[in-house]
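The structure under discussion appears below in the form of structure tokens.
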Amino acid sequence: MFISIQEAMKQGSGNVNVRGWVYRERKSKDIAFIVLRDSSNIVQCVVKKANVSEKEWADAEKVLIESSAEIEGEIKEDKRAPTGYEISVKKINIVHFADVFPINKDQSVEFLADNRHLWLRSRKMTAIMKIRSTVFGAIHEYFRGKGFYEYQSPIFQAVQCEGGSTLFSVNYFGKPVFLAQTWQLYAEPAIFSLEKIYCIAPSFRAEKSKTSRHLTEYWHAEMEAAWASFIDIQNHAEGVMKYALKKVLENNMEELKILERNVDKLKPAAEKPFPRITYTEALKILKEKNKMEVEWGKDLRTIEEDELVKNFGTPVIVTHYPKIVKAFYMKEDPSNPEVVFGCDVLAPEGYGEIIGGSEREPELVKIKKRLEEQGEDCSNYEFYLDTRKYGSVPHGGFGMGVERLVSWICGLESIKDAIPFPRTMMRYKP
Ligand code: 4AD
Ligand code: MG
């Protein structure tokens, strides 16, 4: 029976059967060192000419990196081996002899991106994809644990929600429709039946900028809840981020080590409450502590967000943004109509906005006015506006960019490594 390499090392001694791919190989006259890789780990295997059949030795001699193999042997501790164990091989069956693997050391970012399908096998990508899996699982657990239903919205949509400039238009039998930027306009109608809903689904943004934070296709974790106050929304935003981070710290220390992530920089976010400050307070802090002057009413730019967060060791929730910089659906603050009940959660270390959310504007006339100011034709939004006509309730929600979260947790240089096949303005292949 085959066991994983990790299980074999846990067993630590005796006979084991493992299978996987050749991660490294080095041969001399009568001995071949094969480092075998599976999804769990790597282990050094030693094939001695004297211990195997002639055919097995011939196979071991010609095997190249990324060939697949089944190995039976005795495992024992060996401090010199890459992961502290070594298998002395009794039987080896090469399942497939690989061609010369195109990826070797010191290859350019472009080359690795062109060979993404093969680069996924790297220890780095494997570690990231495991952490990503933990994060997805944690988001489901968090919301289901709080009594939310999983709900799906369409990807082909008839209207914009987050501004026309990042819409992808698709030829839909001769009519233009858009790929979802968010589930929101199709989620709000559903809170009247399910009350508390969430999803994790792809969102699309025609981002024309080349940054380390933008993808054109990303996974969006969104929630919407009836009766939710602005504070409830912030609590869930903080709650789900913390929950996902804690799960990674519990389950993926090995992977964080492979990624050389400084875990001390993550721990405060798992332990301490996220400071909550208003936009106006943020401008004050920026001026006093960071010597950056932002005119009231201007959106915070990336550099300003990054400087602001440096004053805290955890993510920060910025609330009450000026109405003019935020989306049409955000609720006006009754005590100050210049600002809205909208919030962004900003991550430390330059990872920027991970979550954007708000309480929703309940008043039909105000929504219509703001849509018109944006040049939108309200008749296209009738299905949405009906949410404010039949039993409207206070409600709100947020969206979290899952790759932004993964990128921060893993300490990645670019968001592109937070997703198996990144899509950006420059790349849609392989
Ligand atoms: O702030 P955004 O645009 O908010 C919305 O879409 C709301 N309708 C969500 C809601 O209230 N249901 O996007 C939410 C999050 C951002 O904070 C960011 O993390 C992520 O989506 N995001 C991107 N991630 C990767 N690449 C991009 N191009 C992204 N654009 C937004
Ligand atoms: Mg936003």
Side-chain angles (χ1 to χ4, degrees), residues 132 135 139 143 148 151-153 157 159-168 178-191 196-225 228 230 232-234 236-237 240-241 244 279 299-302 305 315-319 321 325-331 340-347 351-361 384 395-409 412 414-419 422-427:
R132 185 179 158 95
V135 167
I139 295 167
F143 284 116
F148 282 72
Y151 164 85
Q152 290 82 23
S153 65
Q157 301 186 354
V159 288
Q160 63 84 36
C161 182
E162 299 300 331
S165 68
T166 61
L167 280 175
F168 272 113
F178 309 116
L179 296 182
Q181 295 171 306
T182 166
W183 81 332
Q184 190 184 324
L185 301 190
Y186 297 87
E188 286 184 57
I191 60 152
K196 290 159 75 175
I197 53 178
Y198 83 97
C199 75
I200 314 179
S203 273
F204 303 87
R205 307 268 170 123
E207 302 281 359
K208 284 160 206 93
S209 51
K210 280 187 271 176
T211 77
S212 58
R213 295 178 188 179
H214 290 91
L215 295 165
T216 51
E217 176 183 306
Y218 71 98
W219 286 75
H220 206 170
E222 298 188 84
M223 64 78 75
E224 194 74 30
F230 188 33
D232 294 333
I233 292 151
Q234 294 170 56
H236 281 306
V240 71
M241 248 175 96
Y279 164 88
D299 204 357
L300 295 181
R301 293 176 301 165
T302 304
E305 288 178 348
V316 181
I317 307 182
V318 182
T319 64
Y321 281 86
V325 305
K326 288 293 182 190
F328 69 90
Y329 52 75
M330 293 193 185
K331 181 183 161 110
V340 286
F341 284 165
C343 59
D344 282 355
V345 184
L346 308 178
Y351 288 93
E353 181 196 324
I354 291 193
I355 293 180
S358 70
E359 188 174 340
R360 315 307 188 192
E361 175 58 58
Y384 177 69
H395 69 284
F398 63 76
M400 173 167 77
V402 182
E403 287 78 17
R404 295 242 179 124
L405 179 64
V406 170
S407 205
W408 166 57
I409 293 177
L412 303 180
S414 165
I415 195 169
K416 285 185 273 185
D417 282 336
I419 188 165
R423 299 298 181 235
T424 63
M425 184 171 72
M426 309 302 287
R427 182 170 291 278

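First listed ligand is number 1; within each ligand, the first listed atom is number 1.
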So which of [options] gets nearest to [atom], if we judge by its closest heavy atom?
| atom | options | answer |
| --- | --- | --- |
| atom 19 (O) of ligand 1 | I354, I419, I233 | I354 |
| atom 17 (O) of ligand 1 | R404, E353, K326 | E353 |
| atom 13 (O) of ligand 1 | E162, R205, Q181 | R205 |

Show the atoms of ligand 1 that are less than 4.0 angstrom away from any heavy atom in [X].
| X | result |
| --- | --- |
| Y329 | 7 (C), 8 (N) |
| E207 | 28 (N), 30 (N) |
| R360 | 10 (C), 11 (O), 12 (N) |
| G397 | 11 (O) |
| Q184 | 7 (C), 8 (N), 10 (C), 11 (O), 12 (N) |
| E222 | 9 (C), 10 (C), 12 (N) |

Heavy-atom nearest neighbour in the protein, as seen from [atom], with distance rounded to 0.1 Å:
| atom | answer |
| --- | --- |
| atom 15 (C) of ligand 1 | G399 O, 3.6 Å |
| atom 29 (C) of ligand 1 | Y218 CE2, 3.5 Å |
| atom 14 (C) of ligand 1 | H220 NE2, 3.3 Å |
| atom 26 (N) of ligand 1 | L215 N, 3.0 Å |

Original post:
Shortest non-hydrogen contact from L412 to D417?
Top reply: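 Residues L412 and D417, closest heavy atoms: CD1-C, 3.7 Å.
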Original post:
What pair of heavy atoms forms the shortest contact from L167 to Q160, and how long is it?
Top reply: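 Heavy-atom minimum between the residues: CD1-CB, 3.5 Å.
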Subject >> Audit row: E188, H395, side chain to side chain contact (heavy atoms under 4.5 Å, CB included) steps and yes/no >> reply: CA-CA 8 Å; E188 286 184 57; H395 69 284; 2.7 Å; yes
Original post:
Where the side chain of T216 meets the backbone of M425, is there a donor-acceptor pair that is under 3.5 Å apart?
Top reply: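 Side chain of T216 to backbone of M425, a donor-acceptor pair under 3.5 Å: no, none is there.
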**OP:** Could you tell me whether I355 approaches ligand 1 through its side chain, its backbone, both or neither, with non-hydrogen atoms closer than 4.0 Å?
**Re:**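 Answer for I355: backbone.
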Subject >> Proximity of F398 to ligand 1 by residue part, where a heavy atom lies under 4.0 Å >> reply: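 Under 4.0 Å from ligand 1, F398 contributes backbone atoms alone.
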I want to know if ligand 1 touches [X] in the polar sense, i.e. an N/O pair below 3.5 angstrom.
| X | value |
| --- | --- |
| S358 | no |
| G357 | no |
| T182 | yes |
| M400 | no |
| H214 | no |

Original post:
With under 30° as parallel and over 60° as perpendicular, where do the rings of F143 and H236 fit, or are they tilted in between?
Top reply: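 Tilted: the ring planes of F143 and H236 meet at 30° to 60°.
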With the threshold set at under 4.0 angstrom, would you say [X] reaches ligand 1 through any of its heavy atoms?
| X | answer |
| --- | --- |
| E188 | no |
| R213 | yes |
| E403 | no |

**OP:** Pick out which of Q181, E162, H220 makes a side-chain hydrogen bond (donor to acceptor under 3.5 Å, both in side chains) with S203.
**Re:**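 So the option named by the test is H220.
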Original post:
At what distance, to the nearest 0.5 angstrom, does OH of Y321 lie from CG of L300?
Top reply: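 Those atoms lie 5.0 Å apart.
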**OP:** Calculate, to the nearest 0.5 Å, the distance between atoms CD1 and CE belonging to I354 and M400 respectively.
**Re:**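 Nearest 0.5 Å value for the CD1-CE distance: 8.0 Å.
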Original post:
Below 4.5 Å, heavy atoms only, C-beta onward: do S358 and K326 meet side chain to side chain?
Top reply: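 Not touching, per the 4.5 Å side-chain cut-off.
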**OP:** Report the name of the N/O/S atom of E353 located nearest to the Mg ion (ligand 2).
**Re:**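 The nearest such atom is OE2.
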Original post:
Given the rule in the side chain to side chain contact (heavy atoms under 4.5 Å, CB included) test, do F398 and V240 qualify, once you have shown the distances and angles that lead to the verdict?
Top reply: CA-CA 11 Å; F398 63 76; V240 71; 3.9 Å; yes
Original post:
How far apart are the C-alpha atoms of Y329 and Q184, what are their side-chain angles, what is the distance that settles it, and do they pass the side-chain hydrogen bond (donor to acceptor under 3.5 Å, both in side chains) test?
Top reply: CA-CA 10 Å; Y329 52 75; Q184 190 184 324; 3.3 Å; yes
Original post:
Should R360 and E224 count as an ion pair when the cut-off is N to O under 4.0 Å?
Top reply: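 Yes.
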Original post:
More than 12 non-hydrogen atoms from neighbouring residues, nucleotides or ligands closer than 6.0 Å to NZ on K210, yes or no?
Top reply: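 No, the 6.0 Å shell around NZ holds no more than 12 heavy atoms from other groups.
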**OP:** Decide if atom NZ of K416 counts as having more than 12 heavy atoms of other residues, nucleotides or ligands within a radius under 6.0 Å.
**Re:**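 Counting other residues, nucleotides and ligands, NZ of K416 stays at 12 neighbours or fewer.
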**OP:** Please test D344 against I355 for side chain to side chain contact (heavy atoms under 4.5 Å, CB included), starting from the C-alpha separation and ending with a verdict.
**Re:** CA-CA 5 Å; D344 282 355; I355 293 180; over 6 Å; no
Original post:
Do you see an N/O/S atom of E162, backbone or side chain, under 2.8 Å from the Mg ion (ligand 2)?
Top reply: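 So E162 does not bind the Mg ion (ligand 2) by this criterion.
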